[in-house]
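Down below is the structure, laid out as structure tokens.
Values reported hereafter were calculated over all heavy atoms of this structure, with side chains retained and with hydrogens, waters and symmetry mates removed. Each chain gets a letter, A, B and so on, in the order the sequences are listed, and its residues count up from 1.
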Amino acid sequence: MSELPKNYDPKAIEQKWYDWWCGKGFFHSESSEGGKPYTIVIPPPNVTGILHMGHALNESIQDVMVRRKRMQGFNTVWVPGTDHAGIATQNVVERQLRKEGKSRWDMPREEFLNLVWEWKRQYGGTILNQLKKLGNSCDWDRLRFTMDDGLSDAVADVFVRLYDKKLIYRGEYIINWCPRCGTALSDEESEHETENGHLWHIRYPVKGGRKNDYVVVATTRPETLLGDTAVAVNPRDERYTKFHGKTLILPILNREIPVIVDDFVDPAFGTGAVKVTPAHDPNDFDMGRRHELPMINVMTDAAEMNDQAGPYAGLDRFACRAKIVADLQAAGLLVKVEEHSHAVGHCYRCHTVIEPRLSLQWFVKMKPLARAGIDVVKGGRVRFVPERWTKVYLDWMENIRDWCISRQIWWGHRIPVFYCEAEGCLHQWAQKGKPEACPACGSTQFHQDPDVLDTWFSSWLWPFSVFGWPKESDDLKFYYPTTDLVTAPDIIFFWVARMIMAGMEFMGDIPFERVYLHGIVRDTQGRKMSKSLGNSIDPMDIINDFSADALRFSLIALTATGQDVYISKEKFELGRNFGTKIWNAARFMQTHSDGPPANMKDPQFQADLLTADDQHILARLHKLIGVCDEHIERCRFNDYAKAVYEFFWHEFCDWYVEYAKQPLNGGAADRKAEVLKVMNYVFSRALCLLHPIMPFLTEELWHGMGYTAIAESIMIAPWPTALDENELSTRGVQAAAVSYVDAKHAAIGLARNLRADYGLAPAQPADFILRPANDAIGNRVRGDRAAYLPYLKAGKLEVEADFIPAKPMPSIITPLGTLFMSLDGHVDVAAERRRLGEQLQKTEQELESVRKRLENENFVSRAKPEVVEQVRTRKRELREKCEKLTKLMEGMQ
RNA sequence: GGGCGAUUAGCUCAGUUGGUUAGAGCGCUUGCUUGACAUGCAAGAGGUCACUGGUUCAAAUCCAGUAUCGCCCACCA
């Protein structure tokens, strides 16, 4: 036990304890030690990531869960790691190159990859260090990266398995193409946004027809006209019956295209005639297949028009759009332009407008994988909290579409497919590692597919790949399935759903039992926090200005289950102030104790020395333990945080510490010892309850208060167990005493109201007489009398069962009985009455003048409404004051 | 087009299975250099629980509808 300094200095303390915990190996676990496992895998942040408030919330919640389970004696592991974040990371390095006037195409692939690895070595640890600053109790010995050898092996293994099962295929389909990143994206990576665009109506002349023989089509993307290979109408649309089987002339290019009929076409939309561009639109692609139309890709990878675009070749797609519209107008083929709002896909990495485009890519067949994923959720083996996400998950899973997994970038897991180059062979196969020869013809001439896999193709294996899969390690057997997954709902499809499918497919078991989806952290205007908006609050700034504990506490206390949270910097004062309060309570206790308390593990209370107040705080502590357990189990972390806050501040500090001042300042020695015992017991257990949220402060106080006899560190101290009423009563805590103290607190509150009602200054004492509601309480109060006095600011307190005041006295009915107040003997009644009388008179005069001002029509007509309001307020105040003074004078009769 | 969430004090939000007088933090008002703490203490003001109807002995809470805001999903060009 060391003396606590007056002020709490988190900066000095937080780093110290974090290093100590790591050095002691408290975060580390071994499967060989057995016990009951509790496992969480971190949602791996991008290596390029910088900690934002969303992370801070996510990590704090996980740390709360993990720290509590560890204290409860579970064999607990929290596996940390980072994601290689294919496109995001490659973009960062490419941006760097661009500053030097270079691009990745200026160098061999290997050289570029070396640059990325180098970048990762230098900067990839940033977010990990930030997690340490937060206090995360991750097992750093198990740190993983999605491109570690082991994890890469898992990725290749999975690819080959799915390939051999024919669940991976390659084909030419319409995919989402990001022209800026130069790669295909999955459907989930295309973010739809409603935009105000136009609907251009364009005239397509009939071949060999007269001047007025034409079909008008409507389109939002006129530049794709260059790739049109048909115009479609609904077979039942009579307006177009006469065009069935006709041939049209494509404007500008003058290509001949057929009119086809297809049920897909909605006669009610646009003109009822659709231009069909199979290479640039998913619907048109389907129609194109049904009608065996040619598919003409008119753009390059960079979304510039290619040589299929005739005169527009080389133009950017949007420049082309403008030019084509102008040209159509000039040719008299543009019928009209309508305003039209529609959803446009954007790249989730760089926000460029997605170009739907025909492309040769790799896909995973998802329907067969989804079945098991649907069953385990419907069967309740994987539960979502809050439950409403179950429906979102199932809706997506039941309508799942194939997953485009190939990316035309370099950073990531290279697709393990090889193509034989031997003439007449052209065999294609998938295998782990470098092949020596073509398995079909033995040729050594072959090459690997140049593409890499979607980043999520490694993340979906995370819950088991981090434990060494596909090797059957002891860790894997022990720690899998993991217990809880904590993440934000924006990656429920990207990650959560796919992990469930992968778990079922490759492990034959669920990846986690429960998914807690917390809210998204927003600014006070409800916008997502982001660097580009400049509205983000850097968690590191909060740690610097307040403390990591304050950050954690505030975030958790303010985030209701699954609701978004709106944050501004001032909100973190909540956590800071709370920390200070606890710090000072500890200092108070320390100044009154002579050394570390004895037998802290299981202190025995002496029933005959426990007052009702002692029993009350003990009972409240045990109630709190139960409440905390329930809230945490139900992921109601805000309620948990607030319960601890309420207990520490309002139960322990406001009442118990105040109460304890009596026995501690000159009470009997045995009473003093007993109070210290109770205080230390309650304080140490409450610190344990708080530790998962505020790990640093609680550890500092654990040592400062000398609680290390319980456990070397609060991190590994036993999580308190709630005792029920019977168990408490065998330890001297009687229910009757507890309810008596509740009544007493209420009565004291009412007595303070009484004082305030009669305008008594805090320093001014009064006498009180209590006429108790029944004799049992009367005896209690009699025994407790001295303890009441400071609360009541009382000169003396009498308890008289049959007290009837001889003259009128101010009184109030309390749960303990009727409380009378008297100022006799504390003030010179005559002088005080004279003074009050004068004050009363003055107040009444002021009131009268205000009334007159208000009644003066002149004044009202001239005055601004605010002034009138001010005068009215003043009048109300004066009237209240007048009433108070009158009452007070009556009380002094 | 489909789905989800929100609407409660000046602000930001809790409010669990319907049940006394609807709570907290911040802000505001009044008074306190109280021997742990002014990052504090005590007291106080402030609410038509978005709206309309229904169920019930009883509704912020359940049901139906309306409005506003936000989010997610979606191949009407």
Side-chain angles (χ1 to χ4, degrees), chain A residues 4 6-8 174 187-188 191-192 199-200 217-221 224 231-232 264-277 281-287 340 342-343 345 356 386 388-389 391-392 395-396 399 401 489-490 492-493 519-520 522 524 526-528 546 550 554 557-568 570-571 573-592 630-631 634 636 638-639 642 645-646 649-650 653-654 657-658 660-661 664-665 749 752-753 755-757 759-763 790-791 793 873 876-877 880-881:
Chain A
L4 298 170
K6 179 151 169 39
N7 291 312
Y8 175 48
I174 293 277
D187 293 335
E188 292 69 40
E191 293 180 339
H192 290 263
L199 198 53
W200 284 276
V217 302
T219 180
T220 53
R221 293 189 296 155
T224 62
V231 164
F264 164 79
V265 181
D266 175 3
F269 186 87
T271 61
V274 186
K275 61 189 266 317
V276 183
T277 324
D281 182 278
N283 295 311
D284 294 5
F285 174 75
D286 290 342
M287 276 196 279
H340 181 64
H342 61 139
R388 63 171 188 272
W389 294 108
K391 191 173 156 4
V392 175
D395 283 350
W396 188 76
N399 298 299
R401 289 160 34 184
D490 51 354
I492 191 166
F493 307 136
I520 290 167
R522 299 176 184 282
T524 43
R527 299 173 305 185
K528 230 173 172 170
F546 301 112
S554 307
L558 293 171
T559 309
T561 313
Q563 289 297 336
D564 289 354
V565 60
Y566 299 75
I567 287 291
S568 60
E570 306 80 65
K571 298 218 164 173
E573 289 172 8
L574 175 71
R576 185 216 30 202
N577 294 355
F578 183 43
T580 307
K581 187 74 182 174
I582 293 169
W583 181 260
N584 282 303
R587 286 208 310 131
F588 167 81
M589 290 165 64
Q590 214 179 45
T591 56
H592 288 93
E630 194 186 337
H631 285 324
R634 297 176 60 188
R636 304 182 68 96
N638 60 327
D639 288 333
K642 283 178 172 170
Y645 178 93
E646 168 73 21
W649 202 305
H650 298 300
C653 293
D654 286 355
V657 168
E658 289 306 317
K661 283 176 179 171
L664 291 181
N665 293 319
R752 284 170 177 165
N753 289 348
R755 289 179 56 97
D757 281 351
L760 258 73
Y791 289 118
K793 294 276 157 47
T873 308
R876 199 169 55 235
E877 283 169 8
E880 279 167 14
K881 193 173 173 191

task = Indicate the ring-plane relationship of Tyr645(A) and His650(A), choosing parallel, tilted or perpendicular according to the 30° and 60° boundaries.
result = perpendicular
query = Do the side-chain N or O atoms of Trp649(A) get closer than 4.0 angstrom to the phosphate oxygens (OP1, OP2) of C41(B)?
reply = yes
message = If I take atom NZ in residue Lys581(A) and atom P in nucleotide G40(B), what distance separates them, rounded to the nearest angstrom?
response = 7 Å
note = Per atom distances to the Asn638(A) side chain, the nearest of C4(B), A14(B), U16(B) is A14(B)
Rounded distance in Å between the C1' positions of U34(B) and G23(B) = 29 Å
ask   = Taking any strand in view, what nucleotide pairs with A24(B) in a Watson-Crick or G-U wobble way, both distances under 3.5 Å?
value = U12(B)
ask   = Is His340(A) near enough to C76(B) that one of its side-chain N or O atoms lies under 4.0 angstrom from OP1 or OP2?
value = no
ask   = Do Leu574(A) and Ser554(A) touch side chain to side chain, with heavy atoms closer than 4.5 Å?
value = yes
task = Compare every heavy atom of Arg221(A) with every heavy atom of Thr224(A), then report the nearest pair and how far apart it is.
result = OG1-O, 2.7 Å
request  = Answer yes or no: does a side-chain N or O of Arg636(A) lie under 4.0 Å from OP1 or OP2 of G15(B)?
outcome  = yes
ask   = Would you say Arg752(A) reaches A43(B)'s phosphate, i.e. side-chain N/O to OP1/OP2 under 4.0 Å?
value = yes
inquiry  = Could you tell me how far G65(B) sits from G5(B) if I compare only their P atoms? Round to whole Å.
reply    = 14 Å
key: Whether Trp396(A) and Phe493(A) hold their rings parallel, tilted or perpendicular, with breakpoints at 30° and 60°   = parallel
query = Which whole number of Å gives the distance between the C1' atom of U61(B) and that of U8(B)?
reply = 12 Å
key: Any-strand Watson-Crick or G-U partner of C4(B), both distances under 3.5 Å   = G70(B)
ask   = Across all strands shown, which nucleotide pairs with G19(B) by Watson-Crick or G-U wobble geometry, both distances under 3.5 Å?
value = C57(B)
query = So Asp284(A) and Val276(A), side chain to side chain contact (heavy atoms under 4.5 Å, CB included) or not? Walk me through it.
reply = CA-CA 5 Å; Asp284(A) 294 5; Val276(A) 183; 3.8 Å; yes
query = Arg587(A) near the nucleic acid: base, sugar-phosphate alone, or nothing, with a heavy-atom cut-off under 4.0 Å?
reply = sugar-phosphate
Any donor-acceptor N/O pair under 3.5 Å between A42(B) base and Glu658(A) side chain = no
key: Close side-chain approach of Asn665(A) to His592(A), heavy-atom, < 4.5 Å   = yes
key: Paired nucleotide for G46(B) [Watson-Crick or G-U wobble; both distances under 3.5 Å]   = none
side-chain N/O Lys661(A) vs A36(B) OP1/OP2, d < 4.0 Å = yes
query = Which residue, Asp284(A) or Asn7(A), contacts RNA chain B at a nucleotide closer to its 5' end, judged by nearest heavy atom?
reply = Asn7(A)
key: Options C72(B), A74(B), C76(B), nucleotide nearest the side-chain atoms of His192(A)   = A74(B)
task = Rounded to whole angstrom, note down the P distance from C63(B) over to A45(B).
result = 35 Å
query = Among the nucleotides G5(B), U34(B), A38(B), which one has an atom lying closest to any side-chain atom of Lys6(A)?
reply = A38(B)
request  = Identify whether any heavy atom of Asp654(A) sits under 4.0 Å from a base atom; if not, whether one sits that close to sugar-phosphate; answer base, sugar-phosphate or nothing.
outcome  = sugar-phosphate
ask   = Does OP1 or OP2 of G44(B) have a side-chain N or O of Asn753(A) closer than 4.0 Å?
value = yes
ask   = Pick the nucleotide of RNA chain B nearest each of His631(A) and Asp266(A); which residue has the one closer to the 5' end?
value = His631(A)
ask   = U33(B) pairs with which nucleotide, Watson-Crick or G-U wobble, both distances below 3.5 Å?
value = none
key: Separation between the C1' atoms of C72(B) and G54(B), rounded to whole Å   = 32 Å
inquiry  = With rounding to the closest Å, how many angstrom separate the P atoms on U29(B) and U68(B)?
reply    = 38 Å
query = What integer number of Å spans the P atoms of U12(B) and A59(B)?
reply = 29 Å
request  = Could you measure between the two P atoms, the one in C51(B) and the one in A60(B), and give it in whole Å?
outcome  = 11 Å
ask   = For G40(B), does either OP1 or OP2 sit under 4.0 Å from a side-chain N or O belonging to Asn584(A)?
value = no
Watson-Crick/G-U partner (both atom distances under 3.5 Å) of U52(B) = A64(B)
task = Considering just the side-chain nitrogens and oxygens of Lys642(A), establish if one lies under 4.0 Å of OP1 or OP2 belonging to G23(B).
result = no
inquiry  = Given G5(B), G25(B), A36(B), identify the nucleotide with an atom nearest to the side chain of Cys653(A).
reply    = A36(B)
message = So Val657(A), base contact, sugar-phosphate only, or nothing? Heavy-atom distance under 4.0 Å.
response = base
